[in-house]
Amino acid sequence: MSLTARFSCLSDYDPDALSVEQARAFIRSQLTPVRTQERVALRSALGRVLASDVIAPFNVPVHDNSAMDGYALRHADLAGSGETRLRVIGTALAGKVFAGSVGTAECVRIMTGALPPAGCDTVVIQEVVKLDGDQVIVPAGQRAGQNIRLAGEDLAAGKPALAAGRLIRPAELGLMASLGCAEVSVYRRLRVAFFSTGDELCSIGTPLADGEIYDSNRYTIFGMLTRLGCEVLDLGVVGDDPATLEAAFRDAAAAADVVITSGGVSVGEADFVKPLMAQLGEVLFWKIAMKPGRPMAFGRLGSRGGGGDGGDGGDEHAAWLFGLPGNPVAVMAAFYQFVRDALQALMGADPLPGVPLLPAVSSVAMKKAPGRTEFQRGVLGHADGKWSVRPAGAQGSGVLRSMSEANCFIVLEHERGSVAVGDAVHVQLFDGLV
Ligand code: AMP
Ligand code: MG
């Protein structure tokens, strides 16, 4: 089915007034993840998506072991009330098993991670015992089994330790290492081709001619894609000329899973790009009710000409297209609100690690009309016991400086009106901890 046909099922679809949520949901509903897998060395799996479940081949921990430094003993030896004297007959260290056996009224000094000797079922922490020569005096109130980590309590043998679809972060690397995995199966990396459009654009390394500006979008896009772990293909600057543009779109679609462009989707320029797109696949031109980032194109490009239904169902290679606006901040806002999610879905990440909306107090008034979602660049800070946020300087959609000085988006929702000092707003943090 064509993209337009799929849309016609939606009652409230209006390409000239799509809400951020509608656009995001529609894009999401179209995507199917890449399925090609490859085996990579554990460290190379960082940032990739797990392609098959990791089953624990053995228990983690492998053996019962002590959670604390203290004394391993037989709980049955302890007096019901009052103190108990036990003789210390040796030491159990992590990695050095105490081979002897522990008899009645005996105990063993034990370190964290060491295996409790045969018969010992309880560890008493060293801080609560009194030493008396080769004996320890253990106070009452010790619980049977305390301070012992049981075999398999972290990961049970034969059970999935990690499910396919998991984005691999440092914790997952460590977890797989604890299972002895030297290699893991991950989905192949997404190949994303991108280029900038505009006769005014000059690439760095060349002096600017009259009326030219340096192309910055290719650098923000490169950065955003690289952070997401994509394989990037920079196709440079393409002028506003139908023949060159067509060739660039064809090359990009043939080489990549996803094509990202910037510029050329604003009202005037779209009129010239639209017929070209109709030749190459199926691309929808949207005006999204958001600021910045209003115009955007989304669709499917076939690598062959006259792309019929845009590759849907055919065995020809086809690539997803995101035609982002030209303004540098609009590019970044649209990328983070739509493309990031889409790329993670295509990478096979499940569930999608969405960006949370966190509450903060606005320290300034902000003008806003209901009927569109605004993404202001904000500076979130902690003062007087609360998190408060203010816009980061001039908010023009061309002012990259505001993006650079910000640490969050202030998300002013669709229906919301102006914000007064002290009002609660939502923010999306630029940086996560992990
Ligand atoms: P457009 O969407 O092509 O009409 O571009 C909107 C604005 O963004 C214009 O001022 C362009 O000069 C600017 N712009 C477009 N592409 C880039 C780019 N790659 N780098 C920096 N500015 C750009
Ligand atoms: Mg342009």
Side-chain angles (χ1 to χ4, degrees), residues 42-43 45-46 50 52-184 433-434:
L42 185 59
R43 281 183 183 159
L46 185 63
L50 207 54
S52 53
D53 293 353
V54 173
I55 309 292
F58 47 76
N59 281 329
V60 176
V62 183
H63 308 284
D64 294 356
N65 67 88
S66 181
M68 303 293 276
D69 292 344
Y71 294 86
L73 49 84
R74 300 145 34 123
H75 190 260
D77 288 352
L78 298 179
S81 60
E83 296 178 333
T84 307
R85 259 180 193 275
L86 301 171
R87 197 162 64 85
V88 185
I89 60 163
T91 303
L93 299 170
K96 286 216 174 65
V97 177
F98 175 81
S101 64
V102 178
T104 307
E106 291 177 345
C107 69
V108 159
R109 176 145 170 73
I110 192 165
M111 297 299 163
T112 305
L115 277 53
C120 295
D121 58 2
T122 299
V123 169
V124 177
I125 59 172
Q126 60 190 10
E127 289 80 0
V128 302
V129 306
K130 283 182 282 196
L131 294 177
D132 181 14
D134 69 346
Q135 298 197 326
V136 288
I137 300 160
V138 180
Q142 309 304 324
R143 190 175 43 78
Q146 71 184 16
N147 299 322
I148 292 186
R149 302 187 282 221
L150 298 177
E153 75 175 26
D154 188 357
L155 302 169
K159 296 270 167 50
L162 291 172
R166 180 69 71 89
L167 189 63
I168 300 170
R169 302 165 305 165
E172 284 74 26
L173 285 187
L175 198 150
M176 290 188 281
S178 75
L179 296 173
C181 301
E183 280 191 345
V184 293
L433 180 62
V434 179

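One-based numbering along the sequence shown.
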With a 4.5 Å limit on heavy-atom distance, are the side chains of [X] and [Y] in contact?
| X | Y | answer |
| --- | --- | --- |
| Glu127 | Asp69 | no |
| Val138 | Tyr71 | no |
| His63 | Asn65 | no |

Quick one: list whatever passes side-chain contact (heavy atoms from CB on, under 4.5 Å) with [X], sequence neighbours left out.
| X | answer |
| --- | --- |
| Ser178 | Val60, Leu155 |
| Asp53 | Ile55, Ala163, Ala164 |
| Glu153 | Pro61, Arg149, Leu150 |
| Leu46 | Pro170, Leu173 |

(request) Evaluate the criterion side-chain contact (heavy atoms from CB on, under 4.5 Å) for residue pair Met176 and Ile168; output intermediate values, then yes/no. (result) CA-CA 10 Å; Met176 290 188 281; Ile168 300 170; 3.9 Å; yes
Just grab all the salt bridge (charged side-chain N to carboxylate O under 4.0 Å, His left out) pairs involving [range], residues at least two apart or on different chains.
| range | value |
| --- | --- |
| residues 164-183 | Arg39-Glu183, Arg166-Glu172, Arg169-Glu172 |
| residues 70-82 | Arg74-Asp77 |
| residues 131-140 | Arg85-Asp132 |
| residues 110-121 | none |

(message) The test is side-chain contact (heavy atoms from CB on, under 4.5 Å); show your working for Gln126 and Met68 and say whether it passes.
(response) CA-CA 8 Å; Gln126 60 190 10; Met68 303 293 276; over 6 Å; no
Quick one: [atom1] on [X] to [atom2] on [Y], what's the gap to the nearest 0.5 Å?
| X | Y | atom1 | atom2 | value |
| --- | --- | --- | --- | --- |
| Gln135 | Thr84 | CD | OG1 | 11.5 Å |
| Asn147 | Ile110 | CG | CD1 | 10.0 Å |
| Thr122 | Leu78 | OG1 | CG | 7.0 Å |
| Leu115 | Asp64 | CG | CG | 7.5 Å |

(message) Please enumerate all residues that pass side chain to side chain donor-acceptor pair (under 3.5 Å) together with Ser52, with sequence neighbours excluded.
(response) none
(request) Not counting sequence neighbours, which residues clear side chain to side chain donor-acceptor pair (under 3.5 Å) with Asp154? List them please. (result) none
(message) For Thr112, is there any backbone N or O sitting under 3.5 Å from a side-chain donor or acceptor partner on Ser66?
(response) no
Side-chain donor-acceptor contacts of residues 86-98 below 3.5 Å, not counting sequence neighbours, with atom names and distances?
from: Arg87; atom 1: NH2; to: Glu106; atom 2: OE2; distance (Å): 3.3

(message) Show, in sequence, the C-alpha distance, side-chain angles and deciding distance for Leu42 and Val184, and conclude whether the side-chain contact (heavy atoms from CB on, under 4.5 Å) test is met.
(response) CA-CA 6 Å; Leu42 185 59; Val184 293; 4.1 Å; yes
